[in-house]
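Each remark here refers to the structure printed beneath this line.
In the text below, chain A, chain B and the rest are named by the order of the sequence lines, each starting its count at 1.
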Amino acid sequence: MKSEKKQSILSIRKLNAWYGDRQILINLSFEVQRRQVTALIGPSNSGKSTLVRCLNRLNDFTLNFRFTGEILFKGRDLYASMVDATEVRMQIGMVFRKPIPFRCSIYENVAYGPRISGVNTSVRLDAIVEKSLRRVGLWDEVEPILDGTPDELSIGQQQRLCIARALAVEPDILIFDEPCGELDPMETPKVEALVRNLKADYTLIFVTNKRRQAARVSDFAGFLYCGELIEFGATEKLFTNPQDIRTEQYVTGKLG
Amino acid sequence: MDKSKIVFHSIALITLVVVFLFFWYLIENTHTEIGQQPTANSQQPTADSHLYLLLPISLLAILLGVACAFYLEERLPPTNWFRRLIESEVAIFTGIPSLLYGLLAVEIFVSYTLGSSGQGWGVLFYAEVLTFIVLVMPLTIRTTQAALRSVATPIRESAYALGASQWQVLSNQVVPLAFPGILAGCCRAMSRALAAAALLMGIHTWGYTHETAISAGIHSRYVLLLVAALLFSTFFSFLKENPT
């Protein structure tokens, strides 16, 4: 237990969140372990996306959003007045459900992040682009068409391009918000394998509403239901020996 | 860069240069002074010279309108009272025919500054400038806002998630995507300014005839209607529920 505590990179404490008068998250507390995959599962509308959007301050732009509680990243409060939100987002990246490449070449898509953070020599950019694309296993497929538009790629390739784009800024934590939601069954295993593979260098948070997928990729899992964190723990334990009746119903398919 | 892109860019550049030269020619050849009196049987010269000067001014008004739209759409939340006020006024102003603008200009800008003294045709010019700005800006604001809004939120969020600042997201992602829409809006506004001859006629007719034929009654009623409409729109913009 003590060694686990040391490894924690992100801790969420008593998080409550509202959109207007509607409460979305109710008193959540959990820890995200360094270099592990933490899955958040639960039926749709249970607040999973809201939760992860709090973690990299994307909710700053959402109207009528407010929250109470603390989110500590490496021991520092993410929402402290001294913290720059863009820096937070550079360290805590995000991949969305639908792959949305920017309207420029494949190369520029991956180079965009490093470019805006100040890398501007073409040698270094080339190296970063190649490294990121190799990491997601896309380099061999797109090398001849680096200057082409991403529209030519399949949706799965586009999603991996978006992952490469997020990796290019070297975040500490990478959040996947249902990354396979739009993908076909042929592409999904590739992304899942990639997630397991990325664990060696990054801390990953994986949001999904497919319970089997969470069981396949994650080390820790949390079950969210109607804004409450019903149960959080090691994935194996959560799936084989759930403590709460609702968790058991969910993982066996009776609920949600 | 592929060839078609180069071709398109050069076409755009050439068009721009031609338009610029056209305006330049017009301004250079407008010898008539602003304060010139119309001749006894025609007010054509004054109206013409004014038109040539007004179009470039409208262009400036369009740029100002685009800037306003950026401020409203990107810097203020939709619930902000100032944004709601401006948006409702813009909605009213885009629907008003240009003839009414002419009457408005006469009633508000001319009569109150010029009075009935009949001095100074220069005042008419400034009235026209103000009216053209009021005519052109709302349309520009509206179309530019629509173009900015058409850029999908996920694109902005993807850029934000990479650590881009608000300015970087706007300049690198939003503006390139919204640019065709913004340009189309500017063209619409410009064509509206071009078609606003009725406005000039309204002002100049009054300028020429005010000593003999002015009966303030008809103008006043139009303006009263307009002001009532504006008041209503302002009122309802605050009654409207908060957009979320």
Side-chain angles (χ1 to χ4, degrees), chain A residues 19-22 49 52-53 55-65 84-105 108-118 147-149 158 161-162 164-171 173-177, chain B residues 1-6 8-9 12 70-84 87 145 147-184 237 240-244:
Chain A
Y19 287 135
D21 297 331
R22 204 156 55 93
S49 291
V52 290
R53 287 165 64 93
L55 302 183
N56 68 349
R57 292 192 60 168
L58 264 187
N59 274 331
D60 288 14
F61 305 107
T62 313
L63 210 62
N64 293 329
F65 176 81
D84 181 13
T86 58
E87 226 158 85
V88 168
R89 293 190 206 106
M90 225 173 264
Q91 286 165 342
I92 305 181
M94 193 159 183
V95 174
F96 297 88
R97 177 191 169 91
K98 200 172 175 186
I100 302 199
F102 299 137
R103 289 286 166 81
C104 47
S105 68
E108 284 302 322
N109 259 285
V110 184
Y112 182 72
R115 225 186 256 283
I116 57 173
S117 58
D147 290 327
T149 62
Q158 285 185 16
L161 176 67
C162 289
R165 186 173 71 186
L167 290 179
V169 288
E170 292 291 331
I173 301 178
L174 195 52
I175 300 168
F176 290 84
D177 191 358
Chain B
M1 204 153 62
D2 55 330
K3 275 178 188 163
S4 63
K5 223 175 185 179
I6 296 176
F8 278 125
H9 281 206
F70 269 93
Y71 178 68
L72 289 180
E73 189 64 31
E74 301 293 332
R75 298 298 298 181
L76 296 178
T79 43
N80 183 287
W81 67 269
F82 183 68
R83 177 170 168 180
R84 286 165 67 191
E87 275 175 358
Q145 269 194 304
L148 288 176
R149 223 171 283 163
S150 74
V151 178
T153 323
I155 291 210
R156 295 163 190 255
E157 285 184 344
S158 315
Y160 279 128
L162 293 174
S165 65
Q166 200 176 12
W167 171 251
Q168 284 165 333
V169 171
L170 202 59
S171 58
N172 302 340
Q173 305 299 338
V174 177
V175 170
L177 286 173
F179 190 69
I182 295 175
L183 204 61
S237 81
K240 211 166 56 179
E241 273 198 22
N242 269 4
T244 43

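Scanning residues 149-161 of chain B against chain A with a 4.5 Å non-hydrogen threshold yields B:Pro154, B:Ile155, B:Glu157, B:Ser158, B:Ala159, B:Tyr160, B:Ala161, sorted by number.
To the nearest 0.5 Å, atoms CG (B:Leu162) and CG (A:Leu167) are separated by 10.5 Å.
Listed by chain and number, the residues in a ring pair (Phe, Tyr, Trp, His ring centres under 6.0 Å) with A:Phe102 are A:Tyr112 (sequence neighbours excluded). For A:Tyr19, the ring pair (Phe, Tyr, Trp, His ring centres under 6.0 Å) partners are A:Phe65, not counting sequence neighbours. Residues forming a side-chain contact (heavy atoms from CB on, under 4.5 Å) with A:Pro114 (at least two apart in sequence, or on another chain): A:Val119, A:Leu125, A:Ile128, A:Ala168, A:Val169.
With a 4.5 angstrom heavy-atom cutoff, A:Leu58 touches chain B only via side-chain atoms. Both the backbone and the side chain of B:Gln168 have a heavy atom closer than 4.5 Å to some heavy atom of chain A. Of the atoms belonging to A:Arg97, not a single heavy atom falls under 4.5 Å from chain B.
Here the shortest heavy-atom pairing between B:Pro77 and A:Leu63 reads CB-CD1, 3.8 Å.
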